[in-house]
Structures are given as structure tokens and as C-alpha cells.
Amino acid sequence: MDEVVRCPYCVSGEEFKPMVSHVDGTFICARCGHTTRPKDEKYECRCSRCVELQRITA
Ligand SMILES: [Zn+2]
Ligand SMILES: [Zn+2]
């Protein structure tokens, strides 16, 4: 069964929008540009929403 990674920011219908996987293990949301890399704990997304979140919680 394939792992489905969903964007925490984008809702598609009643579910969060599935993100597109890339060969390097990064998942990218086609709608908002959010990225994540489940295998890399240190990976930080640079999309505007994550930057804003980091700014608030820092
Ligand atoms: Zn998104
Ligand atoms: Zn992001």
C-alpha cells in the first residue's frame, strides 16, 4: 500500500489534499507549494504558511 501524505493546509472535499511525491523523497502540495520529507526529520519547508508558523512559534 502506498503511503499517502496529505497537505495540512489544503482541504479537498472532506479530506486533506494528497501531496505529490518526488523521486528524492520530498512531497509537494500542488495547490499551496507546501513541501515535506517524511524520512528527514530535519527537513524544513519554506512555503509561506510554514514560514509564518515558525515566525509565530519561535
Ligand atoms: Zn497545500
Ligand atoms: Zn510548508
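Atoms within a ligand are numbered from 1 in the order they appear, just like the ligands themselves.
Of all protein atoms, those of element N, O or S that lie under 2.8 Å from the Zn ion (ligand 1) number 4.
In this structure Tyr9 satisfies the ring pair (Phe, Tyr, Trp, His ring centres under 6.0 Å) test together with His34, sequence neighbours excluded. The side-chain hydrogen bond (donor to acceptor under 3.5 Å, both in side chains) search around Glu41 returns none, not counting sequence neighbours.
Arg46 and Glu44 are joined by a salt bridge, as a carboxylate oxygen and a charged side-chain nitrogen come within less than 4.0 angstrom of each other. The pair Arg55-Glu52 meets the salt-bridge criterion, with a side-chain N (NZ, NE, NH1 or NH2) lying under 4.0 Å from an Asp/Glu carboxylate O.
Proximity of Phe16 to Cys10: side-chain heavy atoms (C-beta onward) are nowhere separated by under 4.5 Å.
The side chain to side chain donor-acceptor pair (under 3.5 Å) analysis of residues 22-31, with sequence neighbours excluded, yields the pairs Asp24-Thr26, Thr26-Arg37.
Considering the Zn ion (ligand 2) as centre, the angle to SG of Cys50 and to SG of Cys45 is 110° (10° rounding).
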